[in-house]
Undergrad: 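Have a look at this one.
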Amino acid sequence: MEILSIFRDEAERLLRNAGYPGKVEQAREEFGDFTFPCFSLAKERKMNPALIAKDVVRNMEKSEYFEKIENVGAYVNFTINPKKLAEITLSSIIQGEIFKFEEKGKVIVEHTSANPTGPLHVGRTRNSIIGDTVARILRRFGYDVEVQYFVNDVGKQVATLLWGVKNLRVEEEGEREDYRYVKYYQAAYEELEKRPEIEKEVQEIIWKYERGDQELRNLAEKYVGGIMRGIAESLKRINVEFDEFVWESSLVERSRKIPPMIKEYLKEENGAYYIDLKKLGVEEKDKLFLYRSDGTTLYPLRDIAYHLYKAEKARYNIDVLGEDHKLHFQAIKRIIGLLKPDTRLDALFYSFVKLPEGKMSTRKGRVVYLDDLVEEGMKRVEEIIRKRGYSEEEKKKITKMVAVGAIRFHILNVQEEKPITFKWENALNFEGESGPFIQYTHARAESIMKKTSWDRSFNSQYISHPQEIKLVKLMARYPEIIKEAAMKLTPYVVAKYAYSLASQFNQFYRDCPVIKAESGIREFRLALVYSFKALIKDLLELLGIEAPEKM
RNA sequence: GGGCCCGUAGGCUAGGGGAUAGACUGUGGGGCUUCGGACCCCACGACCCGGGUUCGAAUCCCGGCGGGCCCGCCA
């Protein structure tokens, strides 16, 4: 139940009864909670908007839901009755009702799906963090969510890696397989640039691998599998996990059955096959190639097979993709629309993270690896908490929680489609609008609760301080924030909301003593602190950030 | 050449027809006999440019400029 819509509906009911039906909007804070601008009505009725606003107020009946309804210029402003709102909001949180949403069926979220050619870098991590967070939000919103990673082991990149493994000798350094094996990939690419004729050998690897060549399968299992283990381990450190890894090679046979199903869009050119995209209604591109002339499959074909596989498992599918996939996705969506018209396919696009010196590139070794970012983050956190007298074990746990909190929040706090330039000091910011700020605020609230006992009873009649009212109003927005983030696939709104809530709590904290407050007020404030803590903990969880009790 | 996305204080980012453009960081000041100073308060500082639509444009439309991406028998 969206708490504020109870009040919004009531405001609109009052407007109707006053003879001026219309929709209210969110008001600026200093004017109240909802507002009804009278400009368009003024135009319709050819009257002065300010006079209309006056008349609306004159004809309005009283309501226990609002403590004040008044006109300011051409606006009719509604101020919610805080006692009523506090009662509804706090009991909804304390009983856990606020976290329950209607069940909505199954959805598969595919994210990351980075080529398994080396360790995960920070650029790709934006995909993982956004994808993981949107999955968490959808789960909260009532979906049965399954998270998948599409492992591209059939493509040219992996063939290049395997060519390197077979033909080159490199120093394998480091503990983890992804760091060891990426050297083959980088060396193979260098070689390929020097001697373009190697291309043929790479093609041959693709051909053989697709047909199940045992030696190559074994190599892929070791090297691609090893790199995937590394990637999964890196992601696990920042709380990203998957339900299923789907390997492309497992879909090759299946993908070959697809072209006959869309024969009327299929064309041939020198032995290669493509889909006529114009005919499909995609204007921006002509041909989508499915087969090479040597008969091996191309990524679009395997991707169609994969989407078909997903569509059979779930009626709703979401891909988290870099903006470079926009056109490709448009084509895939059309094709799945033909093959599985009763399913829904959405994409969440994000812009790249680049370095001040340019785009990240695994090939060129111009990257910041996720692991390095996490390590550096932990180092900086440790610096701060060194003197706080935590045990070794506590210190280790807190250090990781806070570093990951900073990293995830930094990525999530920006609209997905805006480009990010990676800078260490921003990615590892612990102050102000940051993950650690929110975690710290949670720890503060926790600290109050620990110092006192409370039987979960409260009386909303005691609400009076402006900071109490502001905090309740902000908390009441939780359901609509979740709904917006889930429906528009915009996880950043949850990050922004979590920050504003924490920030508001800190202001409340400054002005409103809790433990020392007199009886009545004290219980009410404890209900506020408890509710804030429950809410912010949930929001942090949605952002994939742990909520430490002390830090 | 064509298409898509982005342009808001020194840096980073909300708002996406409506009231005085909201934060964070930075810089300068201030606040613990008070529940945790990774906090709080005050000040400074911004809508890329030019037209148009509108009672009203940071927001919508058109045209520039700047940045990113796409238009592969790569993925």
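To find a chain, count down the sequence lines: A is the first, B the second, and so on, and within it residues start at 1. This structure is a prediction, so every number in the text was calculated from the model and none was measured.
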Undergrad: Starting at atom CD of Gln157(A), determine the distance to atom P of C74(B), rounded to an integer number of angstrom.
TA: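 My rounded result for the distance is 10 Å.
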Undergrad: With no angle test and no hydrogens, is the base of C35(B) tied to the side chain of Ser447(A) by a donor-acceptor pair under 3.5 Å?
TA: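 Side chain to base: no pair below 3.5 Å.
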Undergrad: In this structure, how many angstroms lie between the C1' atom of G22(B) and the CD atom of Gln504(A), rounded?
TA: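 Interatomic distance, CD of Gln504(A) to C1' of G22(B): 14 Å.
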Undergrad: So, is the end of the Arg444(A) side chain (NZ or CZ) under 6.0 Å from the ring centre of Tyr509(A) and within 45° of the ring's axis?
TA: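 The answer is yes, since Arg444(A) meets both limits relative to Tyr509(A).
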Undergrad: Out of A19(B), C73(B), C40(B), which nucleotide sits closest to the side chain of Asn77(A)?
TA: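 So the nucleotide nearest the side chain must be A19(B).
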Undergrad: Answer with base, sugar-phosphate or nothing: what part of the nucleic acid does Tyr291(A) contact at a heavy-atom distance below 4.0 Å?
TA: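 Tyr291(A): no heavy atom of the nucleic acid under 4.0 Å.
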Undergrad: Considering every strand and a 4.0 Å limit on heavy-atom distances, what is the contact class for Gly155(A): base, sugar-phosphate, or nothing?
TA: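 Contact class for Gly155(A): sugar-phosphate only.
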Undergrad: How are the rings of His325(A) and His328(A) set to each other: parallel, tilted or perpendicular (split at 30° and 60°)?
TA: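 Aromatic pair His325(A)/His328(A) classed perpendicular.
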Undergrad: Mind checking Asn48(A) for me? I need base, sugar-phosphate or nothing, with any heavy atom below 4.0 Å counting as a touch.
TA: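 Result for Asn48(A) = nothing.
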Undergrad: How is Arg28(A) classified with respect to the nucleic acid when contacts are heavy atoms under 4.0 Å: base, sugar-phosphate, or nothing?
TA: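 The residue Arg28(A) makes base contact.
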Undergrad: Give the nucleotide from the list A38(B), G36(B), A19(B) with an atom nearest to the side chain of Ile384(A).
TA: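 For Ile384(A), the side-chain atoms sit closest to A38(B).
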Undergrad: Calculate the interatomic distance between Gln26(A) atom CD and G22(B) atom P; express it in whole Å.
TA: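 In whole Å, G22(B) P and Gln26(A) CD are 16 Å from each other.
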Undergrad: Counting any heavy atom closer than 4.0 Å, what does Cys512(A) reach on the DNA or RNA strands: base, sugar-phosphate only, or nothing?
TA: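 Base, at least one base atom sits under 4.0 Å.
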Undergrad: Categorize Asn270(A) for me: base, sugar-phosphate, or nothing, with a 4.0 angstrom heavy-atom threshold over every strand shown.
TA: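 Base contact.
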Undergrad: Look at all strands and tell whether Arg388(A) reaches a base, only sugar-phosphate, or nothing, counting heavy atoms closer than 4.0 Å.
TA: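 Here Arg388(A) touches the bases of the nucleic acid.
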Undergrad: For Phe349(A), answer base if it contacts any base atom (sugar-phosphate contacts may also be present), sugar-phosphate if it contacts only those atoms, and nothing otherwise; contact means non-hydrogen atoms under 4.0 Å.
TA: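 Answer is nothing: Phe349(A) stays at 4.0 Å or more from every strand.
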Undergrad: Find the distance Leu277(A):CG to G3(B):P and express it as a whole number of Å.
TA: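 Distance check: Leu277(A) CG to G3(B) P gives 18 Å.
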Undergrad: Using a heavy-atom cut-off of under 4.0 Å over every strand shown, decide if Ala42(A) touches base, sugar-phosphate, or nothing.
TA: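 No contact.
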Undergrad: Starting at atom CZ of Phe437(A), determine the distance to atom C1' of G37(B), rounded to an integer number of angstrom.
TA: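 Rounding to the nearest Å, CZ of Phe437(A) and C1' of G37(B) are 12 Å apart.
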Undergrad: Is there a Watson-Crick or G-U wobble partner for C55(B) with both distances under 3.5 Å, and if so, which one is it?
TA: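 The base-pairing partner of C55(B), which may sit in any strand shown, is G18(B).
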Undergrad: How would you label the contact of Val402(A) with the nucleic acid (heavy atoms, under 4.0 Å): base, sugar-phosphate, or nothing?
TA: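 Counting heavy atoms under 4.0 Å across all strands, the contact made by Val402(A) includes a base.
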Undergrad: Please report the distance separating the C1' of U27(B) from the corresponding atom of G45(B), rounded so that it comes out in whole Å.
TA: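 Each nucleotide's C1' atom is 10 Å from the other's.
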Undergrad: Which letter, B, S or -, goes with each nucleotide of nucleotides 4-18 of chain B from 5' to 3', with contact meaning a protein heavy atom under 4.0 Å?
TA: SSSS---SSSSSB-B
Undergrad: Measure OH/Tyr440(A) against C1'/C40(B) and give the value in whole Å, please.
TA: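 The answer, rounded to whole Å, is 10 Å.
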Undergrad: Students often get this wrong, so: under 4.0 angstrom with heavy atoms, is Lys550(A) touching a base, only sugar-phosphate, or nothing?
TA: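 Result for Lys550(A) = base.
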Undergrad: Consider the side chain of Ile515(A), meaning its heavy atoms from C-beta on, and name the nucleotide among C74(B), C35(B), A38(B) that approaches it most closely.
TA: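 Selected nucleotide (nearest to the side chain): C35(B).
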Undergrad: Distance between the P atoms of U59(B) and C41(B), in whole angstroms?
TA: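 Here U59(B) and C41(B) have their P atoms 31 Å from each other.
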Undergrad: Taking donor-acceptor contacts at under 3.5 Å, does the side chain of Arg444(A) reach the base of A38(B)?
TA: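 Looking at the base of A38(B), it does not pair with any donor or acceptor on the side chain of Arg444(A) (distance under 3.5 Å).
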Undergrad: Paired with C4(B): which nucleotide, if any, by Watson-Crick or G-U wobble criteria at under 3.5 Å for both distances?
TA: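 In the structure as shown, C4(B) has G68(B) as its Watson-Crick or wobble partner.
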Undergrad: Between C1' on C35(B) and CE on Met449(A), what's the gap in Å once rounded to a whole number?
TA: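 That distance rounds to 12 Å.
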Undergrad: Separation of Glu383(A) atom CD from A38(B) atom C1', in whole Å?
TA: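 From Glu383(A) CD to A38(B) C1': 14 Å.
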Undergrad: When you measure only distances, ignoring hydrogens and angles, does the side chain of Ser434(A) come within 3.5 Å of the base of A38(B) through a donor and an acceptor?
TA: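 When only heavy-atom distances are counted, Ser434(A) does not reach the base of A38(B) through any donor-acceptor pair under 3.5 Å.
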